[in-house]
Amino acid sequence: ANDNPLSDAWHYPIWFETGTWYPAADLPAPRYGADGSAGAAMVLTGGATSSSAFHDEAWTFDGAAWASTAPFPGGPRRGGVGAAGSNTSPWLSRFYYGTGSDPSLRYKDWWMLEYPVGITEHSGDERPSLLSSLVSDELHMRVPASFAQTMTKILDMQGRVMDAHDNITADQTIDVRSLSPGQYVVQVITGNGTFPLRFAVIR
């Protein structure tokens, strides 16, 4: 936008083509020249707010909201290239980022961020979990018995609520046959915090 930083974000569904772009949650701060990747690792890195103000922040997207992750160690830059890929497990993801420039240098380096996608770090050893991240008919979830006031929301990659349940028990099965094949986030909302867990419906 003529070097004007913008905050809007958009998503195109590659799992089930609709021919339509959908708005996602706004970025935490406006940027231009940032780069990222969706799919296995939804990360946005770098960017600028003016011809002299470059940034090294990195954000991840869980399908509903952006969250800060470790700053890019190569320093502030814009115009880099980002790409995502899966490791041996499709939910242990790698985000690759490199090249780009700052006000005085052009780079040719490459970096890799590896992390489990869709699991929010939380104090304590107890946390909800999924028995499998790839499901066809039913989503099997385990919630620690000590968690109170537990409910779930299933969101698609545009952040739309597709399903919701109250009074989740320690071992819960959710019917997902009404969901189209694709990626989703189940938000486990408890008295101990909110835990987003990513899964995919395959058939």
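Computed from a predicted model, the values in this text were never measured in an experiment.
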Worksheet entry | Which atom of Ala34 lies closest to which atom of Gly46, heavy atoms considered | CB-O, 3.4 Å

Worksheet item: Does the side-chain contact (heavy atoms from CB on, under 4.5 Å) test come out yes or no for Leu113 and Thr45, once each step is laid out?
Response: CA-CA 11 Å; Leu113 171 67; Thr45 303; over 6 Å; no

Worksheet entry | More than 12 heavy atoms from other groups under 6.0 Å of CZ on Arg203 | yes

Fill in: Distance in Å, Tyr184 OH paired with Arg160 CZ, rounded so as to fall on 0.5 Å steps
9.0 Å

Worksheet entry | Heavy-atom closest pair, residues Leu155 and Met162 | C-CG, 4.3 Å

Worksheet item: Going from CH2 on Trp110 to OH on Tyr97, what distance comes out if it is rounded to the nearest 0.5 angstrom?
Response: 9.5 Å

Fill in: Linked hydrophobic residues, Tyr22 as query - side chain contacts closer than 4.5 Å
none

Worksheet entry | salt bridge (Lys or Arg N to Asp or Glu O under 4.0 Å) involving Asp26 - partner list, sequence neighbours excluded | none

Discussion item. Minimum heavy-atom separation for Tyr107 and Ser101, please, with both atom names.
Written reply: CD1-CA, 3.9 Å

Fill in: Gap between atom OG of Ser129 and atom CZ of Phe195 - 0.5 Å precision
11.0 Å

Identify each donor-acceptor pair in which a side-chain atom of residues 66-83 lies under 3.5 Å from a protein atom, sequence neighbours left out, and give them as a table.
{"from": "Trp66", "atom 1": "NE1", "to": "Ala25", "atom 2": "O", "distance (Å)": "2.9"}
{"from": "Arg77", "atom 1": "NH1", "to": "Thr99", "atom 2": "O", "distance (Å)": "2.7"}
{"from": "Arg77", "atom 1": "NH1", "to": "Asp109", "atom 2": "OD1", "distance (Å)": "2.8"}
{"from": "Arg77", "atom 1": "NH2", "to": "Gly74", "atom 2": "O", "distance (Å)": "3.2"}
{"from": "Arg77", "atom 1": "NH2", "to": "Asp109", "atom 2": "OD2", "distance (Å)": "3.1"}
{"from": "Arg78", "atom 1": "NH1", "to": "Tyr32", "atom 2": "OH", "distance (Å)": "3.0"}

Please output the side-chain donor-acceptor pairs of residues 135-143 that fall under 3.5 Å, not counting sequence neighbours, one pair per line with the distance.
{"from": "His140", "atom 1": "ND1", "to": "Thr173", "atom 2": "OG1", "distance (Å)": "3.1"}
{"from": "Arg142", "atom 1": "NE", "to": "Asp171", "atom 2": "OD1", "distance (Å)": "3.4"}

Worksheet item: Partners of Asp35 by side chain to side chain donor-acceptor pair (under 3.5 Å), sequence neighbours excluded?
Response: none

Worksheet, complete the sentence: Value for NZ (Lys153) from CG (Asp166), rounded to nearest 0.5 Å, stands at 9.5 Å

Worksheet item: Roughly how far, to the nearest 0.5 Å, is the OG1 atom of Thr60 from the CG atom of Leu44?
Response: 10.5 Å

Discussion item. So, taking the atom named CZ in Arg31 and the one named CD in Glu57, what distance separates them when rounded to the nearest 0.5 Å?
Written reply: 4.5 Å

Fill in: Close side-chain approach of Leu179 and Asp163, heavy atoms under 4.5 Å
no

Discussion item. On a heavy-atom basis, which atom in Arg198 and which in Phe61 lie closest, and how many Å separate them?
Written reply: NH2-O, 3.3 Å

Fill in: Minimal non-hydrogen separation, Phe199 against Val185, with atom names
CE2-C, 4.2 Å

Worksheet entry | Atom of Ala48, atom of Pro5 and distance for their closest heavy-atom approach | O-CB, 4.1 Å

Worksheet, complete the sentence: Across all chains, not counting sequence neighbours, the side chain to side chain donor-acceptor pair (under 3.5 Å) partners of Thr152 are none

